[in-house]
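Reviewing the structure listed below.
Throughout, numbering of the chain's residues begins at 1 and tracks the sequence.
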Amino acid sequence: MIPVTKPHLPNIDVYKSYIDRIYQSNQLTNNGPLVKELELKLKQRWGVKNVILVANGTLALQVIYKALGLSKKVATTPFSFIATASSLSWESIEPKFIDIKPDDLTLDPKRLENIPAKDIEAIIPVHVYGNPCDVQTIQEIAESKGWKVIYDAAHAFDCEYKGKSILEYGDASTISFHATKLFHTVEGGAIVTNDEALATKVRSLINFGYTDGIIDLIGTNAKMSEVHAAMGLAMLTEIDSVIDRRKRLIETYIHHLPSELTTPLIENYNGSYFPVLFPDEKLLIKAVKKLESKNIYARRYFYPSLDQLPIFRSLEYCQISSKIASRVLCLPLYSELSDNDVKYILELLV
Ligand SMILES: *Cc1c(COP(=O)(O)O)cnc(C)c1O
């Protein structure tokens, strides 16, 4: 059986050595030593000022909305995982869907130009599949309109833009460390920001609103535990080879890709996904069935476009996103996959 992805499990002895430290410290959660160590290591890896670890990527989004005081209406992309938009609705913020660019499938900033400044409070673009958004144009428009920008960087572990970590841009970025993501802590995520005051506020919000023992904000509980941080620290010792392996598999996929198919991945992919575009939905469904008959499970990711969901259908229709969603398929990608598996999968596609 070949699934679309398999979580990477790091060397068990390395993992145990971190668990041993939890048994010694007897601290299981509440900003413990392993959470602090993982934050420091990620900060150094990306060259950013603040990494605040949280319980998952969805809470990372919810907390940053609160920290930035968003409450009314926010523009986002419909070509994403449901959590990008549902986290807004969950906080009683109305999502406004903005269509995507047909080449890299990220939010099309040209479509923001005609939105009156007071209609929305912020933009939540997504670096989908690790493709960097058109950050420069987004920042210019947001600045001229006075909008906040939060990048949903759930897929963008280790991505760079103009020579630095993509997590440097905007007011903040959020990332997910769910088991199915490139780098994981079983469940987990982070908020990244270079704004010190915002970071202080976020640290308070994820811990019931406590700052230095005093409650001065309405907070929630979004802390990462020491057990989750232990998995992250063990993962970190192997992540470079995991990424190398996945990038090599993507190269094999691209090298042997049938001429009918294209990939929306742009050049500097981070190894997080391998999406392909079929000429139409019929051919995609045919390929999915053929793969399933051989016990291979690709995934229609992302499908449907979020503007097509009944829960959001009253909102604007995004034609490009809807069409792309109907013909995009993510092919299996994980470090144990072999080059021969990849070639076999490709033979079944057309
Ligand atoms: C996975 C994902 C999330 C949610 O992260 P969780 O850690 O699973 O809560 C949010 N946005 C995008 C784009 C994702 O892929």
- Can you name the nearest heavy-atom pair linking D339 to L249, along with the distance? OD1-CD2, 4.1 Å
- Examine K247 relative to F274 and say whether NZ or CZ is less than 6.0 Å from the centre of the six-membered ring and inside a 45° cone about the ring axis. no
- Query: Which value, rounded to the nearest 0.5 Å, describes the distance between R246 atom CZ and Y253 atom OH?
  - Reply: 10.5 Å
- Any salt bridge (charged side-chain N to carboxylate O under 4.0 Å, His left out) pairs touching residues 197-214, not counting sequence neighbours? E39-R203
- Would you call D240 and R45 a salt bridge, taking side-chain N to carboxylate O under 4.0 Å as the test? yes
- Query: Shortest non-hydrogen contact from N221 to L59?
  - Reply: O-CD1, 4.2 Å
- With sequence neighbours excluded, what pairs up with S86 under the side chain to side chain donor-acceptor pair (under 3.5 Å) test? none
- Query: Would you say I150 and V54 are hydrophobically clustered, going by side-chain heavy atoms of ILVMFWY under 4.5 Å?
  - Reply: yes
- Quick one: pull up OG1 in T174 and CG in D152 and give me the separation to the nearest 0.5 Å. 4.5 Å
- Item | Centroid separation H8 to Y334 less than 6.0 Å | no
- Message: Let's go through T252 and H255 carefully: what are the C-alpha distance in whole Å and the side-chain angles of both, what is the deciding distance for side-chain hydrogen bond (donor to acceptor under 3.5 Å, both in side chains) to 0.1 Å, and is it a yes or a no?
- Response: CA-CA 5 Å; T252 306; H255 190 74; over 6 Å; no
- Message: Using modelled atom types and a 3.5 Å cut-off, is there a donor and acceptor pairing between side-chain atoms of N270 and backbone atoms of G130?
- Response: no
- Task: For side-chain contact (heavy atoms from CB on, under 4.5 Å), just list the numbers for L283 and L349, CA-CA rounded to whole Å, side-chain angles, deciding distance to a tenth of an Å, and then say yes or no.
- Result: CA-CA 9 Å; L283 291 168; L349 289 182; over 6 Å; no
- Message: Does E121 form a salt bridge (charged side-chain N to carboxylate O under 4.0 Å, His left out) with K148? I'd like the steps, not just the answer.
- Response: CA-CA 7 Å; E121 301 163 280; K148 305 274 188 212; over 6 Å; no
- Evaluate salt bridge (charged side-chain N to carboxylate O under 4.0 Å, His left out) for K66 paired with E91, printing each intermediate quantity in order. CA-CA 8 Å; K66 284 275 198 248; E91 295 298 336; 2.8 Å; yes
- Output yes when R245 and E238 qualify as a salt bridge under the 4.0 Å nitrogen-oxygen rule, no when they do not. no
- Item | OH-CG distance between Y210 and N30, expressed to the nearest 0.5 angstrom | 10.5 Å
- Could you walk me through whether I2 and N295 pass side-chain contact (heavy atoms from CB on, under 4.5 Å), step by step? CA-CA 6 Å; I2 299 180; N295 245 353; over 6 Å; no
- Is the ring centre of H178 less than 6.0 Å from the ring centre of F157? no
- Task: Using atom types as modelled and distance alone, determine if a side-chain donor or acceptor of N131 lies under 3.5 Å from a backbone N or O of D104.
- Result: yes
- Item | L257 vs V276 side-chain heavy atoms within contact, under 4.5 Å | yes
- Do R111 side-chain atoms and I98 backbone N/O form a donor-acceptor pair below 3.5 Å? no
- Item | Y161 (side chain) donor-acceptor with Q136 (main chain) under 3.5 angstrom | yes
- Within a strict 4.5 Å, meaning less than it, do heavy atoms of the L236 and I239 side chains meet? yes
- Query: Any side-chain heavy-atom pair from S89 and P95 closer than 4.5 angstrom?
  - Reply: yes
- Chi angles and distances behind the side-chain hydrogen bond (donor to acceptor under 3.5 Å, both in side chains) call for S322, Y317: CA-CA 8 Å; S322 295; Y317 168 57; 4.7 Å; no
- Crowding at CG, N114 (>12 non-hydrogen neighbours, <6.0 Å): no
- Please check if the side chain of S80 supplies one atom and the backbone of T77 the other of a donor-acceptor pair under 3.5 Å. no
- Message: Is there a side-chain contact between C159 and H127 in this structure, where contact means two heavy atoms from C-beta onward sitting under 4.5 Å apart?
- Response: no
- Test E347 against K343 for salt bridge (charged side-chain N to carboxylate O under 4.0 Å, His left out), laying out the working first. CA-CA 6 Å; E347 282 165 19; K343 288 177 197 156; over 6 Å; no
- Message: Could you check whether any side-chain N or O of T263 sits under 3.5 Å from a backbone N or O of P275, counting only pairs where one atom can act as donor and the other as acceptor?
- Response: yes
- Query: What closest approach, in Å, do K223 and A55 show between heavy atoms, and which atom pair accounts for it?
  - Reply: O-CB, 3.5 Å
- Query: Considering all heavy atoms of both residues, which atom of I175 and which atom of A153 are nearest to each other, and what is their separation?
  - Reply: CG1-O, 3.4 Å
- Message: Are Y269 and Y129 an aromatic pair, judged by ring center distance below 6.0 Å?
- Response: no
- Query: Checking S321 side chain against C318 main chain: does a donor-acceptor pair fall under 3.5 Å?
  - Reply: no
- Cationic N near anionic O, under 4.0 Å, E196 to K49: no
- Message: Give me the atom names and distance for the closest heavy-atom approach of L284 to R300.
- Response: CD2-NE, 3.4 Å
- Message: Checking the side chain of S338 only, and the main-chain atoms of D341 only, is there a donor and an acceptor separated by less than 3.5 Å?
- Response: yes
- Query: When clusters are formed by joining ILVMFWY residues with side-chain heavy atoms under 4.5 Å apart, either directly or through shared neighbours, do L42 and I191 land in the same one?
  - Reply: no
- Task: Please examine the side chains of V135 and Q139, heavy atoms only from C-beta on, and report whether any two atoms are closer than 4.5 Å.
- Result: yes
- Can you check whether G209's main-chain N or O pairs, donor with acceptor, with S204's side chain at less than 3.5 Å? yes
- Message: Using only atom types and a distance under 3.5 Å, with no angle test, would you say the side chain of D99 pairs donor to acceptor with the backbone of L107?
- Response: no
- Task: Flag yes if more than 12 heavy atoms outside N11 fall under 6.0 Å of its CG atom; otherwise flag no.
- Result: yes
- Over 12 foreign heavy atoms within 6.0 Å of NZ, K286: no
- Task: Working to the nearest 0.5 Å, report the span between OG1 of T193 and CG of L167.
- Result: 11.0 Å
- Message: Is the distance from the ring center of F177 to that of F183 below 6.0 Å?
- Response: yes
- Message: Please say yes or no: joined through hydrophobic side-chain contacts below 4.5 Å, possibly via intermediate residues, are L291 and I285 part of one cluster?
- Response: yes
- Task: Run the salt-bridge test on K36 and E226 with the 4.0 Å N-O cut-off and return the result as yes or no.
- Result: no
- Query: Can a salt bridge be assigned to the pair K72 and E94 using a cut-off of 4.0 Å between side-chain N and carboxylate O?
  - Reply: no
- Is the NZ or CZ atom of K164 positioned over Y169's six-membered ring, under 6.0 angstrom from the centre and within 45° of the axis? yes
- Task: Check D134 against T106 and note the closest heavy-atom contact, atom names and distance.
- Result: N-OG1, 4.3 Å
- Task: May I ask you to decide if the ring planes of F302 and F79 are parallel, tilted or perpendicular, using 30° and 60° as cut-offs?
- Result: perpendicular
- Query: In Å and rounded to the nearest 0.5 Å, what is the OH to OG distance from Y65 to S92?
  - Reply: 12.5 Å
- Item | Interatomic spacing from CD1 in I215 to CZ in F208 - rounded to 0.5 Å | 9.5 Å
- Query: Is there side-chain contact between Y151 and I166, with heavy atoms separated by less than 4.5 Å?
  - Reply: no
- Query: Is the shortest heavy-atom distance from the side chain of L198 to the side chain of I64 under 4.5 Å?
  - Reply: yes
- Item | Min side-chain heavy-atom separation V192-N50 under 4.5 Å | no
